[in-house]
Amino acid sequence: MRVIYSEDHKLRDAKTELHAGQLVTPFEAPFRAEWILAAVKEAGFADVVAPDAHGLETAKKVHDPAYLDFLATVWDRWVAAGFTGEAIANSFPVRRTSQRVPDNIVGAIGHYANAADTSITKGSYEAAIASMRCALTGADWLGEGNRFAFALCRPPGHHAGIDLFGGYCFINNSGVAAQRLLDRGAKKVAVLDVDFHHGNGTQDLFYHRGDVFTASLHGDPMQAFPYFLGHADEEGEGAGTGANRNYPMPPGTPWDVWSAALADALVRIKAFGAEAIVVALGVDTFERDPISFFSLTSDDFIRMGAMIASAGLPVLACMEGGYGVPEIGLNVANVLKGLEA
Ligand SMILES: NCCCNCCCCCS
Ligand SMILES: [Zn+2]
């Protein structure tokens, strides 16, 4: 199991998150990557490397290049506008409005945001680039014929759409990795999102494409972020018809219900003909996660890894969510243990 990790994740260290009507210390904070790194090393996954210095060529195939330019410049534009706080979107192009991108930075950040929970700060972009590079380096490890890799991505990526940031995400690491695998010769790949929250960004990237199967197991969007995508009737469009599968589940969902959805997703991934699986690995399905409502135990994460490995395909796991409790490290290590069991 190759682990890819970059110290540059520390450049993403926002001080505010709009949560429950207050500006709180962000749930998605630097300690997360440190705890997870320590735990996977402790579990024996010590083959840890820094990412290669990939550019934006692959990312530009799944994200709007103008959006990537926005990410690269938003902080400087925010400061140039004279604002002293962190960059937070507060006006959005909602129903029956123009999709023109305003020149004003407050309008522009709202155009590109799908949630107001993600403050942009100095260094956020550089950290997102490093995170993307971890995923791309993991894809290359698989492309070289290896079976498993874990990209310790921070910031996460699965809520980042074609031209959207939010849910603590900026660049869709697992989506970029899937594209890399295709560019290296795969005909079909799958992105399996096991994070508690629906992979709305990943679904957006590939919804009209037939070469990437996207599956997501998540809290029912009627009750859970991201609220506005993730229903079971979203099955892809055009060339992507039948290549998207959502498994929304209710509060309190335990392993036996959750794993039945995983089993179904894996059957569909195999039937699709995927040559590799990119796992959007969030561990916020854990019973004590502070912002989620499923009931998986730490041992369930071993079972999760074993089930995914049973598909018999190469697997790249890209770190997504999992918050607040020390068990996030154990739970990630347990998935890796299950993969290699
Ligand atoms: N402020 C907490 C409420 C929800 N905010 C978005 C959660 C994104 C999870 C990404 S895995
Ligand atoms: Zn999540």
Side-chain angles (χ1 to χ4, degrees), residues 9 12 14-33 35-36 86 88-90 92 113-120 124 127-128 131 135 151-161 164-175 191-204 214-230 246-249 251 253 258 261-262 278-296 301 304 317-325 327-328 331-332 335:
H9 79 85
R12 170 68 185 160
K15 303 307 177 194
T16 66
E17 173 179 345
L18 181 58
H19 172 67
Q22 292 186 310
L23 287 179
V24 302
T25 300
F27 290 93
E28 205 295 293
F31 74 81
R32 296 181 60 244
W35 288 5
I36 291 163
E86 297 183 332
I88 301 175
N90 62 26
F92 306 92
N114 61 17
D117 56 5
T118 306
S119 308
I120 297 180
S124 294
S131 186
L152 211 176
C153 297
R154 186 185 168 268
H158 71 141
H159 296 306
L164 292 166
F165 79 95
Y168 317 149
C169 301
F170 304 97
I171 298 173
N172 196 309
N173 306 308
S174 53
V191 181
L192 171 63
D193 192 318
V194 296
D195 186 282
F196 167 79
H197 302 91
H198 175 245
N200 56 330
T202 314
Q203 178 171 311
D204 185 38
T214 45
S216 178
L217 290 68
H218 50 268
D220 187 329
M222 294 300 279
Q223 291 133 341
F225 182 93
Y227 305 117
F228 308 116
L229 214 55
N246 286 324
Y247 301 84
M249 290 173 274
T253 293
W258 192 93
L262 178 60
V278 180
V279 177
L281 178 56
V283 292
D284 40 6
T285 47
F286 181 53
E287 57 190 348
R288 286 194 293 282
D289 187 90
I291 61 169
S292 307
F293 58 52
F294 284 169
S295 301
L296 270 56
F301 289 98
M304 183 189 298
C318 294
M319 194 66 222
E320 298 287 356
Y323 303 99
V325 292
E327 289 91 338
I328 59 174
N331 294 340
V332 172
V335 173

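Whatever order the structure lists them in is the order used to number ligands and atoms, beginning at 1. This one's a predicted model, so the numbers in the text were calculated from it and none came from an experiment. FYI, the numbering just counts along the sequence from 1.
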What verdict does the side-chain hydrogen bond (donor to acceptor under 3.5 Å, both in side chains) test give for S124 and R12, after you've listed the backbone C-alpha separation in whole Å, the side-chain angles of each residue and the deciding distance to 0.1 Å?
CA-CA 5 Å; S124 294; R12 170 68 185 160; 2.8 Å; yes

Which of the numbered atoms in ligand 1 are below 4.0 angstrom from a heavy atom of [X]?
X	answer
H158	11 (S)
G321	11 (S)
G167	8 (C), 10 (C)
D284	11 (S)
F225	6 (C), 7 (C), 8 (C)
H19	1 (N), 2 (C), 3 (C)
D195	11 (S)

Is the H218-F294 ring centre distance short of 6.0 angstrom?
no

Taking the six-membered ring for Trp, is the centroid-to-centroid distance between Y323 and Y168 below 6.0 Å?
yes

Proximity to ligand 1 by part of [X], non-hydrogen separation under 4.0 Å:
X	answer
E28	neither
Y323	side chain
Y168	side chain

Pick from F225, F170, F165: which one makes a side chain to side chain contact (heavy atoms under 4.5 Å, CB included) with H159?
F225

Closer than 2.8 Å to the Zn ion (ligand 2): does that hold for any N, O or S atom in H158?
no

Report yes if some N/O of H197 lies less than 3.5 Å from some N/O of ligand 1; otherwise report no.
no

Does E17, backbone or side chain, put an N or O under 3.5 Å from an N or O of ligand 1?
yes

Angle, OD1 of D195 through the Zn ion (ligand 2) to ND1 of H197 - 10° precision
110°

To the nearest 0.5 Å, atom CG of L281 lies from atom CG of N173 at 12.5 Å

Residues M319 and G321: closest non-hydrogen pair is CE-O, 3.2 Å

Dump the intermediate steps for ring-ring contact (aromatic ring centres under 6.0 Å, His included) on H19 and F27, then the final yes or no.
CA-CA 10 Å; H19 172 67; F27 290 93; 5.0 Å; yes

Decide whether E86 and T16 meet the rule of one side-chain donor and one side-chain acceptor closer than 3.5 Å.
yes

